4 protein chains.
Amino acid sequence: MGNITLEQARKVIDAALKKSEELGVKMNIAVVDSGTNLVAFNKMDDAWLGSIDISQKKARTARYFNMNTGEIGKLSQPGGSLYNIEHSNNGLITFPGGVLIKDGNGTILGAIGVSGSTVEDDHAVATSGANAL
Amino acid sequence: MGNITLEQARKVIDAALKKSEELGVKMNIAVVDSGTNLVAFNKMDDAWLGSIDISQKKARTARYFNMNTGEIGKLSQPGGSLYNIEHSNNGLITFPGGVLIKDGNGTILGAIGVSGSTVEDDHAVATSGANAL
Amino acid sequence: MGNITLEQARKVIDAALKKSEELGVKMNIAVVDSGTNLVAFNKMDDAWLGSIDISQKKARTARYFNMNTGEIGKLSQPGGSLYNIEHSNNGLITFPGGVLIKDGNGTILGAIGVSGSTVEDDHAVATSGANAL
Amino acid sequence: MGNITLEQARKVIDAALKKSEELGVKMNIAVVDSGTNLVAFNKMDDAWLGSIDISQKKARTARYFNMNTGEIGKLSQPGGSLYNIEHSNNGLITFPGGVLIKDGNGTILGAIGVSGSTVEDDHAVATSGANAL
């Protein structure tokens, strides 16, 4: 297990900001370490206020279960094996936009959560951020 | 971004009360500013106690994502792209009754949330309130 | 036990607003019914954001124990008989500014909580509000 | 009332980081807007995990009452006029380290909260950050 540094987290956020600007979207971007603790956060001007919390919950959710948030959401539907898992951990967000951050060896360093647009955009921006390392 | 004044918020609430009386319904009516902070609230006599909180959550939810609450509810259904988003922000309410408040130039000043009857009535009363400015 | 009506609560708030203007202070004013449920709330322009919650907690605290909030604060000091009672009920506020609202016969109808200035001003405004009935 | 931009918030955080390095301390640094919503956050490597939350609560507390957090702490001591005010607003932090951020005209834009060392260091770093604009 590694742990993301502030320098790395800022690099992740800057890559996510750059991608957001390319897409013309206003995002909230959160980076947590491998202990799910917040390391860095940026809210773009006029980004949704409700996405401040969602971006952090997405980052934590990805690291809680070591998978992209959207994968968990497939299992948490009515009738699914993890139905309503969102009630745990003071609230999970299980739709796309939370992505693990790994180093070049595949070691998990933390996770990024992005919220502010469609889930497709959120996921694309999060992936751009995670790939910056 | 502007911010609703108390004078404006009271005008919004009075218009919502008038509409509620026309419809013969008992409502809880909340107005938040553009930072989602409560500015004014009125509970009509015999309105549901459980709607005190719901009206405030509706107002906040509308401002959190800059859209009517019912729009979010369409996306948060099982299988939808925002399934279970209600777990964020200490609880969202995503059925109709939360409406943005804008000035004549379209600048967001805050939001109104109404709860106490059918969602159709709640939305109609909220809209009457929002249109009072 | 009685219960304050919206018409009465609005009269209480208007009296409190008038007193606030006389004192030149910016207040948050909350009125709860005899069940501690919020009936009416007004935040004056530029009043402290942190006092939105405090005014409501003061109103509830007064009604929880049927006494002015400042009386409880005398007993909740270190070594006092109610030390740290503030941890109950999702947070009490036990300094002045919460006052019971009674009708002409002394029947409790609810309570008013005021926050935004010194505790002396808060208590004076709350008393003006409570005396409006 | 204004609202801090992300560009301004990043400038505030960078100035606070620079001061932290000069002092040889590991800080958590949070910036909120005038509505108390989180705009930017940085956790220095090896900074206390418990200070992630404290830094955010300090920033919010400063803006809630438009004063440095240490000022409130003077009044919230046993026997003080605001004893146990910390129970409001989901938890306040009332020792030094939270400072308002204003523009050149004195307009409030938001607040910075710093936690990770002595309260003297926390306050010094917060002040350096706030003065960057």
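Remember, it's a predicted structure, so these values are computed and weren't measured experimentally. Each chain gets a letter, A, B and so on, in the order its sequence line appears, and its residues count up from 1.
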J.: Tell me, out of C/A47, C/S76, C/G70, C/G97, who's got the most heavy-atom pairs with chain D below 4.5 Å.
T.: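 Of C/A47, C/S76, C/G70, C/G97, C/S76 has the most heavy-atom pairs under 4.5 Å with chain D.
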J.: Could you tell me whether D/R63 and D/D33 have a side-chain N and a carboxylate O separated by less than 4.0 Å?
T.: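 Looking at D/R63 and D/D33, the cut-off is not met.
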J.: For D/N90, does the CG atom sit with more than 12 other heavy atoms under 6.0 Å from it, leaving out its own atoms?
T.: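 Open: at most 12 neighbouring heavy atoms sit under 6.0 Å from CG of D/N90.
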J.: Who wins among C/N84, C/T94, C/V119, C/D53 for the most heavy-atom pairs under 4.5 Å with chain D?
T.: C/D53
J.: Measuring from atom NZ of D/K102 to atom OG1 of D/T107, what distance do you get when rounded to the nearest 0.5 angstrom?
T.: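 Reported to 0.5 Å precision, the distance equals 9.5 Å.
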J.: Under a 4.5 Å heavy-atom cut-off, does chain D meet the side chain of C/T118, its backbone, both or neither?
T.: neither
J.: Judged by modelled atom types alone, do C/N3 and C/S34 share a side-chain donor-acceptor pair under 3.5 Å?
T.: yes
J.: For chain C, which candidate among D/G80, D/G35, D/S81, D/G79 shows the most heavy-atom pairs at distances under 4.5 Å?
T.: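 Option with the top pair count is D/S81.
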J.: Shorter than 4.5 Å, heavy atoms on both sides: which option in C/Q56, C/K57, C/K74, C/E86 has the most such pairs with chain D?
T.: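 Heavy-atom pair counts peak at C/E86.
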J.: Strictly by modelled atom types, are D/S115 and D/S51 linked by a side-chain donor-acceptor pair under 3.5 Å?
T.: yes
J.: Tell me which of these, C/P96, C/P78, C/G116, has more heavy-atom pairs under 4.5 Å with chain D than the rest.
T.: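 Top count of heavy-atom pairs under 4.5 Å with chain D: C/P78.
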J.: Taking C/N28 for the side chain and C/W48 for the main chain, is one N or O donor matched with an acceptor at less than 3.5 Å?
T.: yes
J.: Between C/L92 and chain D, which part of the residue has a heavy atom less than 4.5 Å away: side chain, backbone, both or neither?
T.: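 Contact with chain D involves the backbone of C/L92 alone.
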